[in-house]
There are 2 protein chains.
Amino acid sequence: MVSSKDVAKHAGVSQTTVSRVLNTPHLVKKPTVDKVMASIDELNYIPNGHARSLVQNKTNTIALLSGPLHNPFFVDTTQAIVKYANDKGYRVNVQFVNDQKLNEAYASAVENKVDGIIMSCILIDDPIFEKFERMDLPFITYNRKHKMNKHFVEIDNFEAGYMSAKHMIELGHKEIAWIGGPLTVSTFNNRYDGFLQAMKDYKHPLSEDYVIQTDTSKQDITKAFNEMLTLRQPPTAFCAATDSIAMNLIDDASKANLSVPNDLSVIGIDNVDITSHSLIQLTTIGSISEQNLGYLAIRELIEMIENKKNSCVKITESVKVFNRNTTKAFQ
Amino acid sequence: MVSSKDVAKHAGVSQTTVSRVLNTPHLVKKPTVDKVMASIDELNYIPNGHARSLVQNKTNTIALLSGPLHNPFFVDTTQAIVKYANDKGYRVNVQFVNDQKLNEAYASAVENKVDGIIMSCILIDDPIFEKFERMDLPFITYNRKHKMNKHFVEIDNFEAGYMSAKHMIELGHKEIAWIGGPLTVSTFNNRYDGFLQAMKDYKHPLSEDYVIQTDTSKQDITKAFNEMLTLRQPPTAFCAATDSIAMNLIDDASKANLSVPNDLSVIGIDNVDITSHSLIQLTTIGSISEQNLGYLAIRELIEMIENKKNSCVKITESVKVFNRNTTKAFQ
DNA sequence: TCGTAAAATGGTTACGTATTCATTTAAAGG
DNA sequence: CCTTTAAATGAATACGTAACCATTTTACGA
């Protein structure tokens, strides 16, 4: 391994000068710079980032703790986050974390001395939030948020759930189902609350049988869907807590020989990129902003890192309905 | 920042002992281990990975140079790669690289002293390949390969292109188009060669107008598609070099009020996960293996890293047709 | 009880860089 | 030509860990 000392010897200067050539060349005479650069080229020298990090306590690395990519929401956000961070000169350590492994991922991030952490996976009540606050480590959550109500970028989840139910009610559906995820997660919790509020405001009856909180796995959603089909009066409209769930439901419907939207209507939330594909055309609720939550969050995080502002980010984007082809008036 | 020295002082032992407690606890007496662990907990000590990497010359980090996630192929592979690597205890530095920025990404990976590099983006003729070989750094390419014909995991691209054309010919199509990517890339090159060979073997005439090599961007594909539509005799069948291109073509067709497969047939290559969704049902050519190329590649890479085998990985997976709903007999 | 081997622990150093401080060299001003 | 100041360079050190070698403590058999 060729080090800056080797370069120094080769160029007949001190290691200090080599370091200066790379970091503050204006403090070095032109001929010296040339000499050193020539040696660097000749020896194929590449500085050791770990040694630098050790002394500078700065790594130019960000940890991304994302959900899995089979959820298209995380496809959009991961792409946006990695691209933006790379453009700004940061490396990104990506991990696809489930809630159980968050602690491990956290330790790994700290051990690696990352400059900041951007993550989706946090529970409303997560005790790890305090750990983050105690560390003097910039971090932000996107999509989900913690009960402390700080350091987050989200959409207006309550309003999204509300609009979702309202949409189905206004289409004349009577049997409206909710397929959500664990209520320990802010997104699911608030979206469901919005859904309930709309049902209440519109005096729409809601049977317990029509509400299922899944663990968001494909199998669990399929199970939930098939259970609903066995009801005496199966739902004609499905409000899915996320586009990912909605797309799974549509797949399940197809396998049960049911046509969407003719036999049943499905609406999602998130407006992920793929839903606008001509083959999908999922009706959904999403942010009015062009930028996805990952982009907004990484922008804020890097701002925090570089300007040391301990600004308390709290961003909630407004939402609207994207009316496409998976919902239809009843009858 | 609390260091192992602080822990040592707090526990009344030497720094060496602290290090031993964490790495080789069987060499330390039980009471001492307990004492040190207590101090570690109390002080919230987390070891500094950079300092460790510096002395051990091992980072437990892998660099992934992937294509962008709006290509669903990279969604599948990125998910598989990151998951497998994490399970094996490696962090993954993800970068979405275009061919121009490969050199930068390479430097960043070396600077960061990663244990290995897994990448998709390499040109047949890429001079960077030699750099990699000169470095004593395990690396592997998936999907694409270099002309040196080493360190790769791919599908049988020639056969895939061949089957693609054969499929359309056997369905009775006369005007068969090829929409591919730059021939400087092994995948596109070999798939196109296979396509040509099938046309030749079946004595099927092929007009130059029916062949376009795009830069695989959405706009460029749309442009190519619309140009084909203006031909005196537009194609009735489109062989797309990738599923990503195929899905874009279908979107374009829809926007041109053309129905797939009624007005035109489209076949892809790769068999990415999403193509089997009931809403998509893309006919495509893909590996006979359950595991995707990313998985196969990361498995090999980690094997190389851990067993120091400089084994020359050369894996070419056989392919088959996945006959779904986007192709149909002519007339 | 002693001697010897094994177990347990500690002192010191290397890893490769940036930084601080000291020194030399060049430039400028009278 | 000498003095003062700025520019350019070098020597020494810190960062936090693992590894190497040395030393102390313990266990065990005679």
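Reminder, nothing fancy here: chain letters follow the sequence lines and each chain counts from 1.
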S.K.: Check this for me: does any side-chain nitrogen of one of A/Arg52 and B/Glu111 sit under 4.0 Å from a carboxylate oxygen of the other?
M.R.: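 Answer for the salt bridge query: yes.
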S.K.: Under 4.0 Å between a side-chain N/O of B/Ser53 and OP1 or OP2 of D/dT17, yes or no?
M.R.: no
S.K.: Consider the side chain of A/Lys29, meaning its heavy atoms from C-beta on, and name the nucleotide among D/dA8, C/dT17, D/dT17 that approaches it most closely.
M.R.: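 Ranking D/dA8, C/dT17, D/dT17 by closest atom to the A/Lys29 side chain puts D/dA8 first.
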S.K.: Could you state the NZ-P distance from A/Lys35 to D/dG10, rounded to the nearest angstrom?
M.R.: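 For the pair A/Lys35 NZ and D/dG10 P, the rounded distance is 8 Å.
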S.K.: Return whichever of B/Ala51 or B/Val13 has its heavy-atom-nearest nucleotide of DNA chain C closer to the 5' end.
M.R.: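 Result of the comparison: B/Val13.
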S.K.: Are any of B/Ser19's side-chain N or O atoms less than 4.0 Å away from OP1 or OP2 of D/dA18?
M.R.: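 Yes, B/Ser19 has a side-chain N/O under 4.0 Å of OP1/OP2 on D/dA18.
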S.K.: Measure from the side-chain heavy atoms of A/Val55 and tell me the nearest of D/dC15, D/dT17, C/dG10.
M.R.: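 Side chain of A/Val55 sits closest to D/dC15.
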S.K.: Provide, to the nearest angstrom, the distance between the NZ atom belonging to B/Lys113 and the C1' atom belonging to C/dT17.
M.R.: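 Result: 11 Å.
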S.K.: Ring centres of B/Tyr84 and B/Tyr295 under 6.0 Å apart?
M.R.: yes
S.K.: Check the phosphate of D/dA8 against A/Thr32, side-chain N and O only, distance under 4.0 Å to OP1 or OP2. Yes or no?
M.R.: no
S.K.: Go through the side-chain N and O atoms of A/Ser14 and A/Thr17 and say whether any donor and acceptor fall under 3.5 Å apart.
M.R.: yes
S.K.: Do B/Phe132 and B/Tyr106 make the cut of ring centroids closer than 6.0 angstrom?
M.R.: yes
S.K.: A/Leu54 has an atom CG; how far is it from atom P of C/dT19, in whole Å?
M.R.: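 Rounding to the nearest Å, CG of A/Leu54 and P of C/dT19 are 13 Å apart.
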S.K.: Under 4.0 Å between a side-chain N or O of A/Asn23 and OP1 or OP2 of C/dA18?
M.R.: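 Looking at the OP1 and OP2 atoms of C/dA18, one of them is under 4.0 Å from a side-chain N or O of A/Asn23.
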S.K.: Using atom CG of A/Leu27 as one end and atom P of C/dA18 as the other, report the distance to the nearest whole Å.
M.R.: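 Answer to the nearest Å: 14 Å.
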S.K.: Would you please confirm or rule out a distance under 4.0 Å between OP1 or OP2 of C/dG16 and any side-chain N or O of A/Ser3?
M.R.: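 The answer is no; no side-chain N or O of A/Ser3 sits under 4.0 Å from OP1 or OP2.
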S.K.: What is the distance, rounded to the nearest whole Å, between atom CZ of B/Arg20 and atom C1' of D/dA22?
M.R.: 11 Å
S.K.: Looking only at side-chain atoms of A/Gln56, point me to the closest of C/dT17, C/dA18, D/dT17.
M.R.: C/dA18
S.K.: When you match A/Thr16 and A/His26 each to their closest nucleotide on DNA chain D, which lands nearer the 5' end?
M.R.: A/His26
S.K.: Do B/Asn60 and B/Lys58 have a side chain donor and acceptor closer than 3.5 Å?
M.R.: yes
S.K.: Quick check on the 6.0 Å ring-centre criterion: do B/Phe139 and B/His151 meet it?
M.R.: yes
S.K.: Whole angstroms only, please: what is the NZ-C1' distance between B/Lys5 and C/dG11?
M.R.: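 My rounded result for the distance is 12 Å.
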S.K.: Which one, D/dG16, C/dG16, C/dT17, comes nearest to the side chain of B/Met1?
M.R.: D/dG16
S.K.: Whole Å only: how far is the NZ atom of B/Lys58 from the P atom of D/dT17?
M.R.: 19 Å
S.K.: Considering just the side-chain nitrogens and oxygens of B/Gln15, establish if one lies under 4.0 Å of OP1 or OP2 belonging to C/dG10.
M.R.: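 The answer is no; no side-chain N or O of B/Gln15 sits under 4.0 Å from OP1 or OP2.
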S.K.: Whole angstroms only, please: what is the NZ-C1' distance between B/Lys30 and D/dT26?
M.R.: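 Distance check: B/Lys30 NZ to D/dT26 C1' gives 19 Å.
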S.K.: Is B/Thr17 close enough to C/dT9 that one of its side-chain N or O atoms is under 4.0 Å from OP1 or OP2 there?
M.R.: no
S.K.: Between C/dT9, D/dG16, D/dT9, which nucleotide has the shortest distance from any of its atoms to the side chain of B/Val28?
M.R.: C/dT9
